[in-house]
**Student:** 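One structure, pasted below without further comment.
Throughout, protein chains are lettered first and strands after them, A, B, ... in sequence-line order, and every chain is numbered starting at 1.
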2 protein chains.
Amino acid sequence: MSDTKDKLLAATADTLREAGIAGLSARAIATRAGVNQALIFYHFTTVADLVVAATKRTVDESVGYYRAEFAKACSLVELLQIGRGLHEREQELGNVRLMSQLMAGGQQDAILAEAAAYALSTWSEEIETVVRRLLAGSPLELIADPRGLAKAVSASFIGLELYEGIDPVAGRSALDALEQLGMLVEVMDDLGPVARRALRARIKRSKVGLGKSDTVV
Amino acid sequence: MSDTKDKLLAATADTLREAGIAGLSARAIATRAGVNQALIFYHFTTVADLVVAATKRTVDESVGYYRAEFAKACSLVELLQIGRGLHEREQELGNVRLMSQLMAGGQQDAILAEAAAYALSTWSEEIETVVRRLLAGSPLELIADPRGLAKAVSASFIGLELYEGIDPVAGRSALDALEQLGMLVEVMDDLGPVARRALRARIKRSKVGLGKSDTVV
DNA sequence: GTCTATACACCGATAGAC
DNA sequence: GTCTATCGGTGTATAGAC
């Protein structure tokens, strides 16, 4: 990887983090990279292509780092703890912000949408794998769809990040509330056998977790 | 309210919905409104001020509509159903998209951030009121912080909307997963007395719902 | 209140020298 | 591969005629 290309990729991620999608431009990227503006088009043809390459690199690096962490988790509660650390780390690196800006831009721009879809599915698949492994045996298994749940977690992270950028105090309290709710998982994970059986029966009795074609009441 | 001002306010909301924060400009708004571009600055001084006024109007109208709906809810399950309808309606009107674009822009622009903060707190306060009323008596009361929870719900809606704009199928499955999880509320709301007591006791026993200063294990 | 015309900065992208 | 110079277009905002 040439030095210029590398500098441009790094500067693109940084610009997206700090100036947002509305402030992203070839000139802004080139200035930050300390590189001539024309070189963007020589190396990457268009600004959009550069953004795609830069976000892909960022996501692959982050997800790769957390693959090993996820593998260590032996319970849903442990996973929740890893998730907390992940959020803090990614927050600090500015990667959640990068992703939220990419997603906002992707609502109107097809090329950015493709980049955002790649980022989201890469994260979601990684999360799904570990959730599926740890959900086995829990009463939650009857309710939760691991794939959809993983996507929902990713989506919520994005929303929380945006909230925190707008109103840090409120965003923080939203995150705290979700963590408290995550404790529900701990409780259900660790219920005595009697209560666990009762809960499991109650869940089965409701329509929850059944396909739409089933009409058991 | 003069006709021109009204047209500009409506066009601003529409432009934000359809062109996003990166495509928002005085020219784009004026063209959509069928109004001379210079009139934006005559009536609203700056584009940012116009955006603030437009989003405030949109949010006040939407929240006002739902205040009456929320008042009708008599159980958490009913609230969940209203929430589903709300999501569909706001989605169709494009108001969630408007809000997500406003939040994305607000990460870098202080004036947009103020508008986004107003929108978020207006929604959150309305949701908090009804959640607080309906949570009384549920075992969830011991865990959940209504204020934080309301903000978390708002944030998650934003994230889900962005996800759906990027990958409609995946976004839909994320929403479905959250709704299934919402069924957990139904189950806990409607548990037999024995299981309810067991669950309540288990929740109390865990550190959940206690302040940080308490160190009961 | 509404219009035209315009100032000035920045945008993506390209041509062509080196 | 890297540079300067430049094209046509768009951005906010204002001056001044009507």
**Student:** Using atom types as modelled and distance alone, determine if a side-chain donor or acceptor of Thr45(A) lies under 3.5 Å from a backbone N or O of Phe41(A).
**Tutor:**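 No, Thr45(A) side chain to Phe41(A) backbone: no donor-acceptor pair under 3.5 Å.
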
**Student:** Under a plain distance cut-off of 3.5 Å, with no hydrogens placed, do Gln101(B) and Gln107(A) share a side-chain donor-acceptor pair?
**Tutor:**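 No.
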
**Student:** For the pair Ser138(B) (side chain) and Leu134(B) (backbone), establish whether a donor and an acceptor sit closer than 3.5 Å, ignoring hydrogens and angles.
**Tutor:**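 The answer is no, because no donor-acceptor pair under 3.5 Å joins these two groups.
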
**Student:** Using only side-chain N and O atoms of Ser2(B), determine if any of them is under 4.0 Å from OP1 or OP2 of dG1(C).
**Tutor:**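 No, Ser2(B) has no side-chain N/O under 4.0 Å of OP1/OP2 on dG1(C).
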
**Student:** Would you tell me if any nitrogen or oxygen in the side chain of Arg27(A) comes within less than 4.0 Å of OP1 or OP2 on dC10(C)?
**Tutor:**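 It does not, given that no N or O in the side chain of Arg27(A) lies less than 4.0 Å from OP1 or OP2 of dC10(C).
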
**Student:** Is Asp14(A) salt-bridged to Lys7(A), cutoff N-O under 4.0 Å?
**Tutor:**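 A salt bridge is absent here (no side-chain N lies under 4.0 Å from a carboxylate O).
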
**Student:** Less than 4.0 Å between a side-chain N and a carboxylate O, is that true for Arg32(A) and Glu18(A)?
**Tutor:**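 The answer is yes: the pair qualifies as a salt bridge.
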
**Student:** Looking at Val59(A), is its backbone amide N or carbonyl O close enough to the side chain of Ser62(A) to form a donor-acceptor pair, meaning the two atoms are under 3.5 Å apart?
**Tutor:**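 Not confirmed, Ser62(A) side chain does not pair with Val59(A) backbone.
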
**Student:** Below 4.0 angstrom, which residues in residues 36-56 of chain A have at least one non-hydrogen atom near DNA chain C?
**Tutor:**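 Listed by number, they are Gln37(A), Ala38(A), Phe41(A), Thr46(A), Val47(A).
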
**Student:** Salt bridge (Lys or Arg N to Asp or Glu O under 4.0 Å) with Arg84(A): which of Glu90(A), Glu179(A), Glu69(A)?
**Tutor:**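 Only one option passes, and that is Glu179(A).
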
**Student:** Please work out which of the three classes, parallel, tilted or perpendicular, describes the rings of Trp123(A) and Tyr66(A), given edges at 30° and 60°.
**Tutor:**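 If you compare the ring of Tyr66(A) with that of Trp123(A), the planes turn out tilted.
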
**Student:** Begin with the C-alpha distance, continue with both residues' side-chain angles, and end with the deciding distance and a verdict on side-chain hydrogen bond (donor to acceptor under 3.5 Å, both in side chains) for Asn95(B) and Arg89(B).
**Tutor:** CA-CA 9 Å; Asn95(B) 287 341; Arg89(B) 191 186 120 104; over 6 Å; no

**Student:** Just wondering, do Val51(A) and Thr55(A) contact through their side chains at under 4.5 Å, heavy atoms?
**Tutor:**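 Thr55(A) reaches Val51(A) side chain to side chain.
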
**Student:** Just to be sure I understand the geometry, which residues of residues 106-115 of chain A put a non-hydrogen atom under 4.0 Å away from DNA chain D?
**Tutor:**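 Result for residues 106-115 of chain A: none.
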
**Student:** Pull out every residue in residues 15-25 of chain B that has a heavy atom closer than 4.0 Å to any atom of DNA chain D, ordered by number, or say none.
**Tutor:**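 Only Ser25(B) qualify.
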
